[in-house]
Protein chains: 2
Amino acid sequence: MINPATLKDIARLAHVSHTTVSRVINNRPGVRAATKKRIMRLVKELDYQPNLVARSLVVKRSKNLGMIITTIRNPFYLELAQGIEDTARSFEYNVILCCTNHDLFLEGEHIRELKRRGVDGIILTSAQIKDGHVAALAREGFPVVLVNRRVLDPDLSDKVDYIGIDNVKGGEMALEHLLKMGHRRIGIIRGSLESSVTVERMEGACRALTRYGISLEDDLVFGGDYLKGTGYEAAKKFLSLPNPPSAIFSLNDYMALGVYDALTEQGVRVPEDMALVGFNDIEFASLKMVGLSTISQKKYTLGSMAVRRLMERIEGAQAGREWILEPELIIRRSCGYTLAISHGGLAPSER
Amino acid sequence: MINPATLKDIARLAHVSHTTVSRVINNRPGVRAATKKRIMRLVKELDYQPNLVARSLVVKRSKNLGMIITTIRNPFYLELAQGIEDTARSFEYNVILCCTNHDLFLEGEHIRELKRRGVDGIILTSAQIKDGHVAALAREGFPVVLVNRRVLDPDLSDKVDYIGIDNVKGGEMALEHLLKMGHRRIGIIRGSLESSVTVERMEGACRALTRYGISLEDDLVFGGDYLKGTGYEAAKKFLSLPNPPSAIFSLNDYMALGVYDALTEQGVRVPEDMALVGFNDIEFASLKMVGLSTISQKKYTLGSMAVRRLMERIEGAQAGREWILEPELIIRRSCGYTLAISHGGLAPSER
DNA sequence: AATTCTTATGTTAACGTTAACAAAATGATA
DNA sequence: TATCATTTTGTTAACGTTAACATAAGAATT
């Protein structure tokens, strides 16, 4: 591997100082046209590529940002990541990918590493409700933007940015929809309580239940980790109940995949024998053969907005803003609504 | 944001030279225990974090690697990416994520950018059969490892590393399986011919066809881009044929999703009315409600091996090796095999 | 032609590390 | 106690840039 040409190499060949070359490279004014041309020719000829690590060192900007997500396996993060990557590139930023695998310790390690690497900012989607790492970053004013999950700490609200959707409303919409269709025993599958998303969606679900005068039954709530396996186990447990639910609300779509697996295995039909509503609207949900009703959020937009906001922060903007997008109920087959309609009517409560 | 402590800060406070501090940080021998302890205490106290960009500049190693993929939307790359990320971290490497969106120009841009950033090596999954960017990297001896897709250029075979599976065999297995089950008109959906994967899998498919004395019909081959939409269009086209195929081989699973969409839309049952075999075994394929028969490859392993090999290359190993893993036929519902079995027999040709 | 203003270029230092070498301090040996 | 070997520490330069300031060369004004 040949050593790439440096500013000084070009300077020597062009009989100018390296500063002049630097000026040309960054096309700053104050260089005679002839000199500029001579230098440019050499730049082309030697295929000069500026050494960004050297530049980073002096300008104290790496044009790198860190993206911390729990696991890339969850398709939800795909679209988010795409929004982040695309938008970052449009700002000439590169993205360093970090997965925490739901491990708070690893999150800390990654943050430390990213700071050592001199990233200009971090987009973090793995925040926990009480998250010391995020708190520390926020307090020192390091540019972070939380996406999807947030920290719930009033002290921090003016020190950290957040972009997400109204999860309470989303949870409420999902449950309300099932309740409207006449379901009264509804199984709820949630992920970790350390995620604000869980708390908020549960809160929404409870609101809807309360409005219908129903209280949350312990047996009908299954807690896990937002991965497919949790959905599978939850569904199996629900089915084994003496009085199983007639509908399931899975707090994310990825777990709903597991629900489908368990139901298919036991010959339980969706939506005839069991209605199902998910959350996030991952690509899978929209497949015709699946038709998972779900609460949709604009994942790409979320990622894109997060990067844009991060850029503002890097440019010095004050922290402490938040953007809450609207969730949307997407009705497909799995909730049974379309079926009810085509059978010429809704459940009793709707008539 | 407070400026982080530097070596010199610590040196000043510890009344030693910064070199001594550097020695302690990198725990090199030749520092008195007492001095070391004094420095260590300060390191802890000030929460000193070495500036990796400064270090990179002098040691000429960034401990960063670039991962270039076509699009993170294709679930195939998820698992691959995970293998890469996990393994990279185990070597204390960070991964810079780059998506080409199937654009060769963008691939070039990314490579250039990564080199400017001083990555130690690149893992590239977006190679085209004739790929000038890869060729250039290979010729200058830059550490690259190709995964999944390769360049087909005899001049380069001793200059570039490749890790993939035997796609010819995979294609052959898929088609042979369908042929064995009695199918004689088989629609084939392929992605871009610029990908070696396409050429190889097609080659395998043809071999199987030839063995059965069948020639490839133009109408039964649909070319696209390995994304879902292609599968959808292809299936619709096949169905509109005066004499539609009885089976479809989709060269990847992601397109098979589109096939399902089209078939479901038109009320064509899988596998009763149309058998279907995919390739890659993405998570979706294994869902019980889907049961997509497919050719499996160990995606995580591929990624992991690629990183390990890249590390060897960075340490100076000679280029020019390749690893070809074995594909595996995964029989699920969509190919109709299990159905045939349960009906007490196979298609005529198998009896 | 001398003076001022402007434009073009150069010199030097800095960024935070590591590396090569030099020097000082310590311990062992005579 | 002087000498040498060894251990510990320090000095300086380098990595490839940009930034601040200084200087030189031209052009414009008197």
Side-chain angles (χ1 to χ4, degrees), chain A residues 1-40 42-43 46-64 92 112-113 115-120, chain B residues 1-40 42-43 46-64 92 112-113 115-120:
Chain A
M1 211 164 37
I2 335 95
N3 273 20
T6 72
L7 274 190
K8 292 187 179 173
D9 294 333
I10 293 182
R12 201 173 335 105
L13 291 165
H15 305 290
V16 293
S17 76
H18 65 278
T19 311
T20 302
V21 181
S22 171
R23 272 190 272 260
V24 172
I25 298 296
N26 298 289
N27 61 84
R28 278 193 231 290
V31 180
R32 200 153 21 127
T35 322
K36 190 168 179 172
K37 203 164 154 196
R38 186 154 38 100
I39 291 173
M40 287 296 259
L42 282 163
V43 164
L46 302 187
D47 187 32
Y48 167 77
Q49 302 292 342
N51 180 325
L52 296 190
V53 355
R55 178 182 290 170
S56 296
L57 189 59
V58 21
V59 302
K60 288 166 178 319
R61 279 283 169 86
S62 66
K63 288 228 169 199
N64 266 151
E92 301 189 284
R112 201 149 54 89
E113 186 70 10
K115 288 176 75 178
R116 290 174 164 193
R117 288 236 129 90
V119 296
D120 299 339
Chain B
M1 214 164 35
I2 335 93
N3 274 20
T6 73
L7 274 189
K8 291 186 180 176
D9 294 332
I10 293 181
R12 201 171 338 103
L13 291 165
H15 304 292
V16 293
S17 77
H18 64 279
T19 312
T20 302
V21 181
S22 172
R23 272 189 272 260
V24 172
I25 297 296
N26 297 289
N27 61 88
R28 279 194 230 290
V31 179
R32 204 159 11 136
T35 322
K36 190 167 179 175
K37 204 164 151 195
R38 186 154 38 102
I39 292 173
M40 288 297 258
L42 282 163
V43 164
L46 302 188
D47 186 32
Y48 168 76
Q49 302 291 341
N51 180 325
L52 296 189
V53 357
R55 179 182 290 170
S56 296
L57 189 59
V58 20
V59 303
K60 289 168 179 317
R61 280 282 168 83
S62 67
K63 289 229 166 197
N64 266 151
E92 301 188 284
R112 201 149 53 90
E113 185 69 9
K115 287 176 77 178
R116 290 174 164 193
R117 285 239 131 88
V119 297
D120 300 339

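Every chain is numbered from 1, with letters handed out A, B, ... down the list of sequences.
Here the straight-line distance linking atom CZ of B:Arg112 with atom CZ of B:Arg117 works out to 12.5 Å at 0.5 Å rounding. Between the NZ atom of B:Lys60 and the CG atom of A:Asn3 there is a distance of 6.0 Å, given to the nearest 0.5 Å. Here B:Leu52 contributes atom CG and A:Ser62 contributes atom OG; the two are 11.0 Å apart, rounded to the nearest 0.5 Å.
Under 4.0 angstrom from either OP1 or OP2 of D:dT8 there lies no side-chain N or O belonging to B:Thr20.
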Open item on the list: Run A:Val21 and A:Tyr48 through side chain to side chain contact (heavy atoms under 4.5 Å, CB included) and show every step you take.
Closed with: CA-CA 11 Å; A:Val21 181; A:Tyr48 167 77; over 6 Å; no

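At distances below 3.5 Å, not a single donor-acceptor pair connects side-chain atoms of A:Asp120 with backbone N or O atoms of A:Arg61. Between the side chain of A:Asn51 and the backbone N or O of A:Val53, at least one donor-acceptor pair lies under 3.5 Å. At distances below 3.5 Å, at least one donor-acceptor pair connects side-chain atoms of B:Asp9 with backbone N or O atoms of B:Thr6. For A:Asn64 (side chain) and A:Val119 (main-chain N/O), no donor-acceptor pair under 3.5 Å exists by modelled atom type.
Atom CD1 in B:Ile39 sits about 11 Å away from atom C1' in D:dT8, given to the nearest Å. Regarding B:Lys36, its NZ atom lies at a distance of 11 Å from the P atom of D:dT8, rounded to whole Å.
If you check every strand for non-hydrogen atoms under 4.0 Å, B:Arg116 touches nothing. At a threshold of 4.0 angstrom between heavy atoms, the contacts of B:Lys60 are confined to the sugar-phosphate backbone, with no base atom among them. Residue contacts shown for B:Ser56 are absent, as no nucleic acid heavy atom lies under 4.0 Å away. B:Arg61 comes within 4.0 angstrom of nothing in the nucleic acid, heavy atoms only.
Across every non-hydrogen atom of A:Pro29 and A:Arg23, the tightest pair is O-CD, 4.3 Å.
At a non-hydrogen distance threshold of 4.0 Å, A:His15, A:Val16, A:Ser17, A:His18 from residues 11-18 of chain A come into contact with DNA chain C.
Protein chain B touches strand DNA chain C; the 5'-most and 3'-most nucleotides with an atom under 4.0 angstrom of its non-hydrogen atoms are C:dG16 to C:dA20.
Comparing A:Arg32 and A:Thr19 along DNA chain D, the residue whose closest nucleotide (by nearest heavy atom) sits nearer the 5' end is A:Thr19.
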